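Structure record follows, encoded as structure tokens.
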Amino acid sequence: MSPDHPPGLDLDRLRVLLDRERPGLVTGPLSGRLIEGGRSNLTYAVSDGTARWVVRRPPLGHVLATAHDMRREHRVIEALYPTDVPVPRPVLLCEDEEVLGAPFYVMEFVEGTPYRTAEQLVPLGPERTRAAVLNLVDTLVGLHAVDPAAVGLADFGRPEGFLDRQLRRWAKQLDASRNRDLAGIDELHATLGRELPRSPAPTVVHGDYRLDNVLIGGEDDEIRAVLDWEMSTLGDPLTDLGLLVMYSSPLGMPDSPVSTTAQAPGHPAPAELVERYAARSGRDVSTVAWYTAFAWFKLAVILEGIHYRYTLGQTVGRGFDRIGDLVPVFIEHGLTTLQKG
């Protein structure tokens, strides 16, 4: 770690705050480094030479506070920490923008690996890969089994009309990025709207549940922590399942800049993940195709937004020139999923 202050993280002010609010927690000079950046919230690893913590704050220069709500992220982690759902231990929430220039929270540092691609899973081998992905399903079942009221999250969202609002939200996002014809995307959106399923009882929903948003470690490749709760709310649990199924489905595009883990040896097929979730949760999953198609639609909209920013010269880095080619693939997967049911 560099002793220099990373952008967005004033270590001197952080130390003053921690000494005041958590006396004795820090025992040496703090150092820090940015461990994740981009469009999402910023994540830093901080250490005093003995212990380590993680600081989460909104992106630099953020505008919409509701899109990067630190209080909301901290609240759900704090609520879930006493349950069987593995989350980092929360340390504190700071809403005083004088400290780091924006609200932020501190949580414990958890050792583990976020597996983002099939290639990263290959060294695990087929048996360990299979077990890790099935553990991902079991952890999701555990999250959806938590009674929101029992952990103080009864008012964490508005589950009534959840799917309809989600569909309208992503259609609005699409309209904000339209600068080319996309065959099939309006048909996909319209079909999703006509076939809107009836939601089961609401649960805490993660909102972006996939393998690279959990930390896996230990001899048993256990899930040590579920991360990135910025999309969490109360809503339809099958939206989490549909997204997990989507990320477990092969794209059919070699060397894609956006990948799924489906091609890793030993990775369970989507149908097995659905069956395991149904057996362990007791939920009716007969409409899972709708939720999976919705996930394809949502990711198509997100990718089109990235492509739109690329055409305006607002992206930096490699691979952005190929994002636009992915969007029709996601649309086609969504349509095919609905057709097959």
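Keep in mind that the numbers below use all heavy atoms, side chains included, and drop hydrogens, waters and symmetry copies. Residue numbers start at 1 and run along the sequence shown. No experiment lies behind these values; they were computed from the predicted model shown.
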Partner set under salt bridge (charged side-chain N to carboxylate O under 4.0 Å, His left out) for E119, not counting sequence neighbours: none

E195 atom CD, neighbour heavy-atom count above 12 within 6.0 Å: yes

Those residues that, when tested against A278, pass side-chain contact (heavy atoms from CB on, under 4.5 Å) (two or more places apart): V285

Derivation of the side chain to side chain donor-acceptor pair (under 3.5 Å) call for T261 and H267: CA-CA 8 Å; T261 57; H267 195 295; 2.9 Å; yes

Give every donor-acceptor pair under 3.5 Å between a side-chain atom in residues 287-307 and any protein atom, sequence neighbours left out.
unit_1, atom_1, unit_2, atom_2, d
W290, NE1, L192, O, 2.9
Y291, OH, D236, OD2, 2.6
T292, OG1, V288, O, 2.9
E304, OE1, R180, NE, 3.3
E304, OE1, R180, NH2, 2.7
E304, OE2, R180, NE, 3.0

Which residues share a salt bridge (charged side-chain N to carboxylate O under 4.0 Å, His left out) with D175, sequence neighbours left out: R178

Sequence-distant partners of P250, side-chain contact (heavy atoms from CB on, under 4.5 Å), two or more places apart: A262, Q263

Expected output: side-chain R71 to main-chain L93 donor-acceptor under 3.5 Å: no

All pairs passing ring-ring contact (aromatic ring centres under 6.0 Å, His included) where residues 204-236 contributes a residue, at least two apart: H206-Y209, H206-W229

Any pair counted as side chain to side chain donor-acceptor pair (under 3.5 Å), so long as it reaches residues 130-145, sequence neighbours left out: R130-E272, D138-R276, D138-R280, H144-D240, H144-Y277

Under 4.5 Å side-chain linkage, directly or through intermediates, the cluster mates of L215: V110, L227

R15: salt bridge (charged side-chain N to carboxylate O under 4.0 Å, His left out) partners, not counting sequence neighbours: D19

Results of side-chain hydrogen bond (donor to acceptor under 3.5 Å, both in side chains) for R194 - residues two or more places apart only: T191

Partners passing side-chain contact (heavy atoms from CB on, under 4.5 Å) against R198 (at least two apart in sequence or in another chain): none

Residue pairs fulfilling ring-ring contact (aromatic ring centres under 6.0 Å, His included) with at least one residue in residues 90-118, sequence neighbours excluded: H74-Y105

